[in-house]
Chemist: 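This is the structure I want to talk about, given as C-alpha cells.
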There are 4 protein chains.
Amino acid sequence: MQSSTPAPRATGRPRSAAADAAILAATREALVELGWSKLTLSDVATRAGVAKTTLYRRWSGKNELVVDAVAELFDELELPDRGTLGADIEGVVLQFAAILARPEAKSGLMAVVAESTRDEALRERIRASIVDRQKRLVLEGRSRAQARGELPPETDESESSRTVDLIFDVVAGAVVHRCLVSAEPADEEWVRSFTTVLVAGLAAAGNDRVS
Amino acid sequence: MQSSTPAPRATGRPRSAAADAAILAATREALVELGWSKLTLSDVATRAGVAKTTLYRRWSGKNELVVDAVAELFDELELPDRGTLGADIEGVVLQFAAILARPEAKSGLMAVVAESTRDEALRERIRASIVDRQKRLVLEGRSRAQARGELPPETDESESSRTVDLIFDVVAGAVVHRCLVSAEPADEEWVRSFTTVLVAGLAAAGNDRVS
Amino acid sequence: MQSSTPAPRATGRPRSAAADAAILAATREALVELGWSKLTLSDVATRAGVAKTTLYRRWSGKNELVVDAVAELFDELELPDRGTLGADIEGVVLQFAAILARPEAKSGLMAVVAESTRDEALRERIRASIVDRQKRLVLEGRSRAQARGELPPETDESESSRTVDLIFDVVAGAVVHRCLVSAEPADEEWVRSFTTVLVAGLAAAGNDRVS
Amino acid sequence: MQSSTPAPRATGRPRSAAADAAILAATREALVELGWSKLTLSDVATRAGVAKTTLYRRWSGKNELVVDAVAELFDELELPDRGTLGADIEGVVLQFAAILARPEAKSGLMAVVAESTRDEALRERIRASIVDRQKRLVLEGRSRAQARGELPPETDESESSRTVDLIFDVVAGAVVHRCLVSAEPADEEWVRSFTTVLVAGLAAAGNDRVS
DNA sequence: ATATAACCGAGACGGTACGTCAGGTCTTTGA
DNA sequence: TCAAAGACCTGACGTACCGTCTCGGTTATAT
C-alpha cells in the first residue's frame, strides 16, 4: 500500500509482513477510541505490539499512516445492480454513509484532508489511495445506466471525465457534509431525496447537452 | 462571538475589546503561515501582543478559537440578485469558493470539522457560528425564486426545512469537496456545470412533489 | 552554584529555589543507585518531583548537572589544625578519601573528568566548581606550616603558584588513583606512608630551593 | 587480548584474525574523533568494515572494547637507562605524559575507570590489561636504583609490594591529574619539579625505614 | 481617596508526545 | 559455523507545546 518496494534488498532480515497489518488495525482501533488528534504513534505502536522505530521505518508520520488505515475502509464499497440508476446510486450512497458513520472513518478522513491543504504529497496520497480508487463506482454506474438507456452515451472524452469528477464531488461532498457537518444521519429518507435531485439533475443536464 | 458573558461583572478591570480582535486576526495569520496542526496558542498570543493567559481566559482551547476566527470569514457572503435562480446560485457559489481558496479557511475549517466528530460542544459551536448562520442564503434564494415563479411555494413546513438542509448539504458539500479533496479550482466553468445539475434537479424534484 | 543570575528578571514567575536543591539531591541519589552511565535525566526529574523541562531550564545537560551535584560533596572538606604539617595533611587526605569512598563521588567525578577531555566549557566548570575551590586547603596548610617554621616563606609568587599546583596534583592524583584505579582503601596506614613521602619531598625540595 | 578462546572449536568457519586488529584500530580512531560518550559500536563496526554481530561476538560491550583498545597504547612504554633514578623517572614520566596527551587515551582511559567503579569485572580487566602490566616499570626502576646504591635493598616482601603500589599511585595519579584535571601540559619543567619531590621523598622515607 | 476586584504581561511549572538514536538481539542470504 | 546486512524491541534523548500557576502591576467601579 504505502511503498512499492523501491529496492528489493537481497540481504538482511526482511520486514515483517504481519507488522503492517497489525499497525493499520491498531491505527483504526486508536482512531475509534481516541480520535485523530489524541492518537499518538507511541500508542499505536504499543497496541500493535511493535516498536516505534518499526512504525517510523514504514510511514513517515501520522498523516500517512492514517491515510493508509482509512483507505482500507473504503475498499469494501461496491455497486450492486438494483435495476435503475436511482436505485444503484441509493445503494452505494447508503454504503458510503454507513462507512462514514464509523468513528475511525469520520475522525481520520476529515483530519487528513485538513492536513492535505498544506501538504501536496499528502494530497496526492489521499487522491491515489482513496479518491481515484473509488471513482470506479461512478464509472461503473454510468456504464450501466447507459446500457439501460437511462443516460446518453459519451461523445467527448474530456467532457466525460469532467462529468465523472462533478458527480463524485456532488455525491461524496453531500454525504460527507450531511454526516460530518450537519451531523444528521444519512438515512433512507435523506438518501432518497438526494438521489431524486441528483438523477433528475443528471438527466436534465444530459438532455441539455445532447439536445 | 464566543460566549455571552454569563455574569456581567460590575467591578474590576474590563476585558480589553481590542485584544479579541487582535487575537482572532493573529489566529488567521498563523493559520495562513503554519496551518492548523502547527498553529500553537503561544504563537498566536505572541503575534497578538497578548499573554497566553489572556487568550485562555476567553477561549477554552485551540478548536474554539479557530472556529471563531474562521466564522468571521464567511460573514462576508451575500446573495446578489442576478435575475434567475441559477445565476443567483452561481454568484454565491463563486463567493463561497473564493473564501475556501484562502488558506486560513481551508486549513482551519476542515480541521475543526474533523475535531468536532468527537466533541459535541464543538460541533454545536460550528453549527451555530458557521452553518446555520449561512443557511440564510438558501432561504433568501428560495424566496426570490418563488417570488419569480421559478419554484412552487411551500406547503409543508417540515418538508421545507428538510429541503433547505438538503440543498445546503449539496452545495456546501460539493464545493468543499471540489476545493479541498479534489483540489481543483471551482472556476466559472465548474460552477456553471454544477449549477445546471442542481437547478434542474430542484425543478424536477419540486415538480414531482407538487404533482 | 550554576549561574550567578546574570539578569535578575523583574517579571514572570520566579524559579523555585527548592527545586534546585531537590534536583541536586536526586542526582546524587541516582548516582549512588545507578552510577553515571545509567543515570538518566528523566529519572532524576522524577526523583526530584520535578518536570524534565524544569531540569533542562537550569542545566544544559547531564554533565553540568553532575558537576554541580558532586561539587557540593567537596565543600565539607576542612583542614583541622593538628599541630604539624604532616598531621594536617593526613587529616585532610583522610577526609578526601572518605568522600571518594562514597559511590556518588566515585562514579560521578571520574565520568565528568573523562567527558571534560572533549569539552572545554565543562573542564572550566569542573575547575571552577571543584578544583580551584579546594586549593584553599593547600594554601592554608602551607601558611600554617610556614608560621610554624616547617616550611620556608615564599619569595617568588609564580614559583609559589606552581608549587601549589604541583602539590595539589600529587595529593589529589595519588588519592584518586589509589581509590578508583587501584581500588584499594586509602586507610590510615596508606595515608601515613604517602604523607611521609610527601612531607619529606617537600622539605627536601624546599631546602634545595632556598639553599 | 580479550579472552583466551575457552573452546578451540574444530569446526565451522574460523574467526577472522584481521577483524580483531581492524576493530581495535577503528575504536581508537572513533575515540579520537568522537570521544568515549559519542562512540557507538555501530560506528566502530562500520569503520572496521565489519558487522555489528561480529563485534558483539568478541566483546561483550563498549567498555571491554575500549579497555582493550586503550591498553595497547601503554605497551610502548619503556624505561631507558639514563644513569640516575631521577633521570630514569623523568624519562618514563615524559613518555607517560605523551601518551596521555593523545585524545584516544585521554577520553577512553578515564571513562572506563569511571565505569569500573560500578563493575567489578571491568575493574579487574583494567587492572590486568593496564595497571599491573605497567608496574614492571616501577620494579625495574627500583632494581636499577638499588644496583646503583641509590635506594637500600628490600628486606620485607609485603613492605616492598606496598611501596611499589604507593609509588605507582603517586606517579600515575599525579601525571593523570596534571594532564586531565588541571589540563596543563606535563612538560619538562613540571616533570623535573615532580621528580625532585618524589626522589627526595623516597630517599628520606627509605632512610627513615632502614634507620 | 481608597479599597476591591478583575484584568494584564511575563514566564516558570508539571506533563505528554514528539521524532531520533544507540544498545543489543534475531533472522535472513551467502561463503 | 561464521560473516554481512539489516530489521527488530527497548528505552533514553532533548525539544516543543499543553494548560496551569505565580508573580508584579494596571485599570476600572464602588465605597
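Treat the numbers as computed from the prediction; the structure is a model and nothing was measured.
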Chemist: Less than 4.0 angstrom from a charged side-chain N to a carboxylate O is my criterion; do D:D68 and D:R125 meet it?
Modeler: yes
Chemist: Between the protein and nucleotides 24-26 of chain F, are there any N/O to N/O pairs under 3.5 Å, and if so, what are the atom names and distances?
Modeler:
| from | atom 1 | to | atom 2 | distance (Å) |
| --- | --- | --- | --- | --- |
| F:dT26 | O2 | B:R13 | NH1 | 3.2 |

Chemist: Output the residues of residues 26-42 of chain A in contact with DNA chain E, where contact means a heavy atom of the residue under 4.0 Å from an atom of the strand; sort by number or write none.
Modeler: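 Those residues are A:T40, A:L41, A:S42.
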Chemist: If you assign each of C:S60 and B:G61 to its closest nucleotide in DNA chain F, which residue comes earlier from the 5' end?
Modeler: C:S60
Chemist: Where along residues 49-57 of chain B does a heavy atom come under 4.0 Å from DNA chain F, residue by residue in number order?
Modeler: B:K52, B:T53, B:Y56
Chemist: To the nearest Å, give me how far apart CZ (D:R47) and P (E:dA22) are.
Modeler: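 That distance rounds to 12 Å.
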Chemist: Suppose we screen for side chain to side chain contact (heavy atoms under 4.5 Å, CB included). Which residues come up paired with B:D119, at least two apart in sequence or across chains?
Modeler: B:E64, B:A121, B:L122
Chemist: Quick one: does C:R57's side chain get under 4.5 Å of C:T54's, heavy atoms only?
Modeler: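 Yes, close enough: below the 4.5 Å cut-off.
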Chemist: Can you tell me the distance, in whole Å, between the CG atom of A:D43 and the P atom of E:dT16?
Modeler: 13 Å
Chemist: Test salt bridge (charged side-chain N to carboxylate O under 4.0 Å, His left out) on A:E33 and B:R118 and set out the steps.
Modeler: CA-CA 10 Å; A:E33 291 180 23; B:R118 300 190 52 87; over 6 Å; no
Chemist: Give the table of side-chain donor-acceptor pairs shorter than 3.5 Å for residues 109-116 of chain B, with sequence neighbours excluded, one pair per line with atom names and distance.
Modeler:
| from | atom 1 | to | atom 2 | distance (Å) |
| --- | --- | --- | --- | --- |
| B:E115 | OE1 | A:S37 | OG | 3.1 |
| B:E115 | OE1 | B:N63 | ND2 | 3.4 |
| B:E115 | OE2 | A:S37 | OG | 3.3 |
| B:S116 | OG | B:V113 | O | 2.6 |

Chemist: About how many Å separate NZ of B:K38 and OG1 of B:T40, when rounded to the nearest 0.5 Å?
Modeler: 12.0 Å
Chemist: Rounded to whole Å, please give me the gap between CH2 in A:W59 and P in E:dC18.
Modeler: 16 Å
Chemist: List the steps, then state whether side chain to side chain contact (heavy atoms under 4.5 Å, CB included) holds for A:V70 with A:L31.
Modeler: CA-CA 10 Å; A:V70 169; A:L31 277 174; 4.2 Å; yes
Chemist: In whole Å, what is the span from the CZ atom of A:R15 to the P atom of F:dC9?
Modeler: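 Value for this atom pair: 12 Å.
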Chemist: Would you call B:E72-B:R28 a salt bridge at under 4.0 Å N-O?
Modeler: yes
Chemist: State whether A:W36 and A:K62 meet the cation-pi test: NZ (Lys) or CZ (Arg) under 6.0 Å from the six-membered ring centroid, and within 45° of the perpendicular axis.
Modeler: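 Flagged: A:K62 positioned over aromatic ring of A:W36.
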Chemist: Report the distance from atom NZ of A:K62 to atom P of E:dC18, rounded to the nearest whole Å.
Modeler: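 Rounding to the nearest Å, NZ of A:K62 and P of E:dC18 are 7 Å apart.
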Chemist: Roughly how many Å is it from CG in D:N63 to P in E:dG23, rounded to a whole number?
Modeler: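 Nearest whole value for this atom pair: 11 Å.
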Chemist: Shortest non-hydrogen contact from C:R58 to C:A19?
Modeler: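 For C:R58 versus C:A19, the nearest heavy atoms are NH1-CB, 3.6 Å.
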Chemist: Rounded to whole Å, please give me the gap between CD in B:E64 and C1' in F:dC18.
Modeler: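 Roughly 14 Å, once rounded to whole Å.
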Chemist: Quick one, D:L24 and D:L65 - any side-chain contact, counting heavy atoms below 4.5 Å?
Modeler: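 Yes - at least one pair of side-chain heavy atoms lies under 4.5 Å apart.
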Chemist: Specify the angle, to 10°, made by the local axes at the two ends of the helix from E:dA1-F:dT31 to E:dA31-F:dT1 when five pairs are taken at each end.
Modeler: 10°
Chemist: Counting C-beta onward and ignoring hydrogens, is there a side-chain heavy-atom pair between D:D20 and D:W59 closer than 4.5 Å?
Modeler: yes
Chemist: If every non-hydrogen atom of A:I23 is compared with every non-hydrogen atom of A:V44, which pair is closest and at what distance?
Modeler: O-CG1, 4.0 Å
